[in-house]
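Structure first, commentary second.
What's counted below: heavy atoms across the whole structure, side chains too, no hydrogens, waters or symmetry copies. Here is how names work: the chains are called A, B, and so on, in the same order as the sequence lines, proteins then strands, and each is numbered from 1.
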There are 2 protein chains.
Amino acid sequence: MTRVLVVDDEPQILRGLKTNLVARGYDVDTAPDGEAALDLAARRRPDVVIVDLGLPGIDGVDVIRGLRTWTAVPIIVLSAREQESEKVNALDAGADDYVTKPFGMGELLARVRASERRAVSSDDGEAVVRTSAFTVDLAARKVVAADRTAVRLTPTEWHLVEVLVRHPGRLVSQRQLLQEVWGPRYEEETNYLRVYMAQIRRKLEPEPSHPRYFITEPGMGYRFEPGD
Amino acid sequence: MTRVLVVDDEPQILRGLKTNLVARGYDVDTAPDGEAALDLAARRRPDVVIVDLGLPGIDGVDVIRGLRTWTAVPIIVLSAREQESEKVNALDAGADDYVTKPFGMGELLARVRASERRAVSSDDGEAVVRTSAFTVDLAARKVVAADRTAVRLTPTEWHLVEVLVRHPGRLVSQRQLLQEVWGPRYEEETNYLRVYMAQIRRKLEPEPSHPRYFITEPGMGYRFEPGD
DNA sequence: AGCCCTCTTGACGTGATCTTGACGTCATCA
DNA sequence: TGATGACGTCAAGATCACGTCAAGAGGGCT
């Protein structure tokens, strides 16, 4: 079943869209703001994302950019703003389509279908995260260093890298990392994180003892900093 | 260079679009009607098609349908018609985007860029995969070694090779391989993979004990590495 | 029936990976 | 200045995963 993530801060619109999409047989996740959207996208891997531009907190365009660091999922923008510059910004940030409110539900659904159709043919879009030191290909499960040599990661190392990289620039708590990689019963074993982060840094950081990409936030967790 | 085909019956619009696109570095073909459009598309293989709906002769929607019988080229519809049914028809006929006249040139260009971006990731698979040690012909179900002698693979071996080779460079998980080749009930039988990978390597790898093409990713799966 | 090819299954050695505990370092705070 | 807490580092044993071999079962062909 096709999974759609809808991001909008107005509960009625959220509800209305969800109802319509569910009625058409879609599996729908909803998020009221950018943070929740990025988090849900990472965890649920939707096939299409519908995002409103006027969000509290992280801006809609930044949500698009955040998604585009690691996924090619089709993004349809909803917006009340008609100015051309808004449209151009959103599209150039990586959106696939831009629909101006008020919009017809039939049109939106047709645009969702168009996005789906494309996604099937191109299938695994580029899920690639690049830094100046290494490139992480999430679809191929491959890491390549700047000098084009492949980097070997163990399953646990890879899993950890994957979780961090899917939340670029954002803090991921120790709890969340441990739960995601080792399971709910290991939430206290922060030891593991230290050991594995060290290994990951040794393999990926240009200067493992002065990390630039995998940053420690003492007492809280770790953060992947794409840094361009 | 990106080639764009613009289809519109109004000469001024055609000229205007062409001028703008050429100024942005696009290679532009123009067609005044549906027949010419289909003909040009077939001969010149554009990377993006911009088509007006109100055409003399063949209708715009039929142009879309005609194109879609043989190509997945991104199609952007221009139209003065605002009715939702028109949009839905065009999108469901296979259009990727629908822009209502009057439109801003900046927006249209941004939408063209969005289409281009998407198209890059979707190139269709080769039926023949070559390495310096062997050649796999997926269509003919044949493998030929570098010395032109045919390699005999058993059905199971072939199936496994096929799955791996269809995802060059990608990691394919043990689960996925087992499910694909032996069926969903065999997802745990990693034994089979070990036995068969060994056989495949004995038949295809120049140095079976030091695999170069069929790589093991311990704990995760296997990867076919075309390697030039 | 007998033969041959293929698939399944189990056992074993080897090497990689995970786990675990100990210790060093650094920053903070009393 | 010394105590504390959090983190990084290291090493060693236990465990797991893989490659390899070989024997037996099944099935189709002559």
Could you give the distance from CG (A/Asp97) to CG (B/Leu91), rounded to the nearest 0.5 Å? 8.0 Å
Would you classify [X] as touching base, sugar-phosphate or nothing, given that sugar-phosphate means primed atoms plus P, OP1 and OP2, and contacts are heavy atoms under 4.0 Å?
X	result
A/Thr156	sugar-phosphate
A/Arg202	nothing
A/Gln199	nothing

Indicate yes or no for a side-chain donor-acceptor contact from B/Arg130 to the backbone of B/Val136 under 3.5 Å, with no hydrogens or angles considered. no
Closest to the 5' end of DNA chain D, once B/Val195 and B/Gly219 are matched to their nearest nucleotides, is B/Gly219
Sidechain N-carboxylate O distance under 4.0 Å for [X], [Y]:
X	Y	answer
B/Arg43	B/Asp39	yes
B/Arg111	B/Asp96	no
A/Arg44	A/Asp29	yes
B/Lys203	B/Glu157	yes

Of B/Glu157 and B/Pro218, the one whose closest DNA chain C nucleotide lies more 5': B/Glu157
Nearest heavy atom decides the nucleotide; on that basis, is A/Asn191 or B/Arg194 closer to the 5' end of DNA chain C? B/Arg194
Return no unless some side-chain N or O of B/Tyr222 is found under 4.0 Å from OP1 or OP2 of D/dG19. yes
Phosphate contact (D/dG19 OP1 or OP2) by B/Ser209 side-chain N/O below 4.0 Å: no
Could you state the [atom1]-[atom2] distance from [X] to [N], rounded to the nearest angstrom?
X	N	atom1	atom2	answer
B/Met197	D/dC21	CE	P	16 Å
A/Glu207	D/dT9	CD	P	12 Å
A/Trp158	D/dA17	CH2	P	20 Å
B/Arg175	D/dA17	CZ	C1'	16 Å

With a 6.0 Å cut-off on ring centres, are B/Phe224 and B/Phe214 close enough? yes
Considering only heavy atoms of chain A and a distance under 4.0 Å, specify the first and last nucleotide of DNA chain C in 5' to 3' order that meet this criterion. C/dT17 to C/dT20
